[in-house]
Engineer: 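Quick one: this structure, given as structure tokens, is what I'll be asking you about.
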Amino acid sequence: MCGIVGYIGHRDAYPIIVKGLQRLEYRGYDSAGIALFDGNDINLSKTKGKVEDLKQKSEATISLEGTLGIGHTRWATHGIPNDVNSHPHYSNSGDLVIIHNGIIENYESLKKELINRGYVFTSDTDTEVLVNLIEEVQKSEGAKLGKAVQIALNQAVGAYAIAVFDRKKPDEIVVAKLGSPLAIGIGENEFFIASDASPFIEFTNNAVYLEDEEMAIIRLGKEIKLRKIKDDAIAYPNILELQMNLEEIEKGGYDHFMLKEIYEQPRAIMDTYRGRLLAGQSLIKMAGVDQHLEKILNANRIIIVACGTSWHAGLVAEYIFEDLARIPVEVEYASEFRYRNPVITENDVLIAISQSGETADTLAAIKLAKEKGAFVFGVCNVVGSSIARETHAGAYTHAGPEIGVASTKAFTTQITVLTLLALKLAKEKGHFSTSRFHEYLTELETIPAKVEKALEANPLVEIIADVYKDSTNCLYLGRGYNFPVALEGALKLKEISYIHAEGYPAAEMKHGPIALIDEQMPVIVIATNKGHYEKVVSNIQEIKSRKGKIIAIVTQGDTQVRELADHVIEVPETFESLTPLLTTIPLQLLSYHIAVMRGCNVDQPRNLAKSVTVE
Ligand code: F6R
């Protein structure tokens with residue numbers, strides 16, 4: 001969590017850093033700060049609140065001059081969000097200034113030692129400890145900034161992406177990474193530093209992503225110097241050419257990123273299967289799978305690890321893999337899996353799903369599985385992310401940047417990739433005839449157009465949202481493939497509208513949640529015509545007889561549920577296993593409109609961050 005931005009070059013640093021921080025606000029937005037070097041001195045401004053608050057404060061209080069600077073948007077870990085705890089942090093001499101994304105776990109013992117040596121602390125943060133530790137190393141060992149950073153980091157336990165500069169040597173910024181992402185954009189005699197490439201994409205397409213335990217000395221007029229933090233070994237920068245463009249990371253006329261991203265799903269799903277799904281040849285080509293086909297086909301079982309929405313995509317995948325490919329699957333919360341001494345063998349395949357590719361718990365689960373000899377396959381959206389690099393093989397979801405904190409297109413594209421994988425394995429294992437396989441591929445190709453159709457329900461969904469916007473609770477029910485969709489619908493509503501919502505398998509309702517149902521309770525039921533339709537209809541009857549308000553997601557043309565429900569939202573007909581790609585759409589829209597009507601900050605809901613790089 002937290003977003004960091006830095007610049008050193010020939011342009012004014014302030015606008016680059018502020019704009020960059022705004023693009024990174026998805027990573028945290030409880031406070032923000034900036035430090036600029038104007039040629040003589042450091043001008044620092046920081047505040048509780050958003051980057052917009054920082055902008056107003058900085059423009060009123062400090063000189064904005066300077067071609068070197070660093071900035072930070074925070075998601076608090078140590079110390080409440082307030083002005084003092086905001087980054088950047090000075091060292092005691094006022095010479096060093098630092099920004100940090102991550103957690104220094106042993107900061108208390110380091111702080112005690114520094115206090116014994118006379119250091120004074122103004123904030124409650126672990127970061128202020130780190131910058132003073134660097135200063136102490138500079139003083140006691142006469143080390144240059146780069147060396148001092150390295151020695152200090154070897155004493156620190158935890159995770160970090162840091163950028164630090166020294167007022168006495170204002171032609172360089174030192175950066176380092178362990179566990180939190182850090183990209184360096186390389187321009188013409190200028191460098192950009194950021195948690196991801198979005199702050200510098202309009203300036204350069206060339207970037208280096210630091211590996212864990214690497215640091216870089218970025219000096220004007222010189223090539224960047226990369227080192228291993230542990231042993232000082234030289235590392236060689238792998239300069240990537242980025243594919244991202246500016247349009248993709250701007251709102252494009254929509255009121256919110258979330259709505260834009262909901263509407264991008266037809267394109268995102270198509271981009272995800274493009275080049276992989278070759279219906280004409282009855283073929284699925286996935287380079288990351290083809291190279292390891294034997295290993296995956298012979299897996300004893302597949303273990304899926306993920307968090308949040310990605311975990312819900314994993315649950316959908318469990319149904320698909322077991323149903324189509326007949327491979328046993330377990331789906332685990334990464335945070336539980338990593339700490340419970342799981343039984344993993346070399347014959348297991350672990351699939352890690354993550355939009356950001358940076359989720360700390362998922363990353364730790366991958367490392368654990370690798371230690372135990374499992375083959376690890378990643379499904380990530382962010383190219384070059386830590387998880388993408390840590391896995392043995394993988395397949396990207398080509399959703400494009402997802403900026404809204406609530407995940408939408410990442411979910412449907414994850415399901416798309418996992419469906420392709422399941423279909424491929426099913427075919428290889430001989431569970432599908434060529435004609436059945438071909439039918440599936442052809443149907444999958446129709447999904448973008450069907451998602452487009454599902455999006456046409458938007459005006460109706462808005463009307464329904466208006467009826468239920470003041471609810472305090474909400475239930476989501478689904479069965480089979482649509483049980484995880486019910487969980488996802490509930491998560492979307494609670495995270496952006498702050499209405500308490502729960503998802504259940506529809507049949508579980510009578511084992512407890514039914515007690516909650518009265519005339520105040522909206523119940524969203526996914527009742528498409530495949531699978532367990534009649535059983536879901538019975539569940540709807542049970543809700544109706546207890547006066548619950550029923551909002552049903554049904555297949556186009558449905559008449560039976562229409563007679564029972566208070567509202568129906570239609571989605572096009574498709575194969576049962578593909579219904580989650582459609583039924584999810586009205587649930588995303590419903591959460592979106594309710595949140596907007598309640599005046600919530602849809603793209604940046606309270607207490608959340610897009611990329612959860614702390615455990
Ligand atoms: C919810 C949401 C989160 C993420 C979760 C995992 O809308 O976005 O629940 O799904 O934090 O993040 P990734 O997929 O980046 O690992």
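The figures that follow rest on heavy atoms only: side chains count, while hydrogens, waters and symmetry mates do not. Whatever order the structure lists them in is the order used to number ligands and atoms, beginning at 1. Computed from a prediction, not measured in an experiment: that's the story for all the values here.
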Engineer: Which pair of heavy atoms, one from Leu182 and one from Ile162, lies closest together, and at what distance?
Structural biologist: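 Closest approach of Leu182 to Ile162, heavy atoms only: CD1-O, 3.6 Å.
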Engineer: Give the atom numbers and elements of ligand 1 that come within less than 4.0 Å of a heavy atom of Gly308.
Structural biologist: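 Those atoms are 9 (O), 10 (O).
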Engineer: Against Val451, only a single residue in Thr584, Val571, Leu582 fulfils side-chain contact (heavy atoms from CB on, under 4.5 Å); can you say which?
Structural biologist: Leu582
Engineer: Under the criterion side chain to side chain contact (heavy atoms under 4.5 Å, CB included), I'd like the reasoning laid out for Ile193 against Ile70: C-alpha separation, chi angles, the key distance, then a yes or no.
Structural biologist: CA-CA 8 Å; Ile193 295 149; Ile70 54 179; 5.6 Å; no
Engineer: Any atoms of ligand 1 less than 4.0 Å from a non-hydrogen atom of Val405? List them with their elements.
Structural biologist: 7 (O), 8 (O)
Engineer: If we only count heavy atoms from C-beta on, is the Val525 to Ile553 side-chain gap below 4.5 Å?
Structural biologist: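 Answer no - side chains too far apart.
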Engineer: Specify the protein heavy atom at minimum distance from atom 16 (O) of ligand 1: its residue, its atom name, and the distance to 0.1 Å.
Structural biologist: Thr359 OG1, 2.4 Å
Engineer: Considering Ala306, Cys307, Gly357, Ala410, which one's heavy-atom position lies nearest to atom 6 (C) of ligand 1?
Structural biologist: Cys307
Engineer: Can you list the ligand 1 atoms lying under 4.0 Å from a non-hydrogen atom of Lys492?
Structural biologist: 1 (C), 7 (O)
Engineer: Under the ring pair (Phe, Tyr, Trp, His ring centres under 6.0 Å) criterion, do Tyr160 and His100 qualify, and how do the steps go?
Structural biologist: CA-CA 6 Å; Tyr160 48 78; His100 170 213; 7.0 Å; no
Engineer: What's the shortest distance from atom 10 (O) of ligand 1 to any protein heavy atom, and which residue and atom give it?
Structural biologist: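 Protein heavy atom with the smallest distance to atom 10 (O) of ligand 1: Thr309 N, 3.0 Å.
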Engineer: Return the residue, atom name and 0.1 Å-rounded distance of the protein heavy atom closest to atom 11 (O) of ligand 1.
Structural biologist: Val612 CG2, 4.0 Å
Engineer: Under 4.0 Å from any heavy atom of Ser354, which atoms of ligand 1 are there?
Structural biologist: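 Listed by number with element, the hits are 13 (P), 14 (O), 15 (O), 16 (O).
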Engineer: Using a 4.0 Å cut-off to any heavy atom of Ser310, which atoms of ligand 1 qualify?
Structural biologist: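 In order of number, 10 (O), 13 (P), 14 (O).
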Engineer: Identify the closest protein heavy atom to atom 15 (O) of ligand 1: which residue and atom is it, and at what distance?
Structural biologist: Ser356 OG, 2.6 Å
Engineer: Would you mind running through ligand 1 and noting each atom that sits below 4.0 Å from a heavy atom of Ala406?
Structural biologist: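 Counting from 1, the qualifying ligand atoms are 7 (O).
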Engineer: Begin from the C-alpha positions of Tyr263 and Tyr254 and carry the test ring pair (Phe, Tyr, Trp, His ring centres under 6.0 Å) through to its verdict.
Structural biologist: CA-CA 10 Å; Tyr263 272 87; Tyr254 288 90; 5.7 Å; yes
Engineer: If you measure from the Lys or Arg side-chain nitrogens to the Asp or Glu carboxylate oxygens, is any gap between Arg606 and Glu495 under 4.0 Å?
Structural biologist: no
Engineer: Is there a polar contact, in the sense of an N or O pair closer than 3.5 Å, between Thr362 and ligand 1?
Structural biologist: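 Thr362 vs ligand 1: no N/O contact under 3.5 Å.
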Engineer: When you compare the side chain of Thr528 with that of Asn482, does any pair of heavy atoms fall below 4.5 Å?
Structural biologist: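 Yes; the side chains approach each other to less than 4.5 Å.
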Engineer: Kindly check if the number of other-residue, nucleotide or ligand heavy atoms within 6.0 Å of NZ (Lys453) is above 12?
Structural biologist: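 Incorrect, the count does not exceed 12.
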Engineer: If you measure from atom 7 (O) of ligand 1 to every heavy atom of Gln355, Glu495, Glu402, Gln588, which option wins on shortest distance?
Structural biologist: Glu495
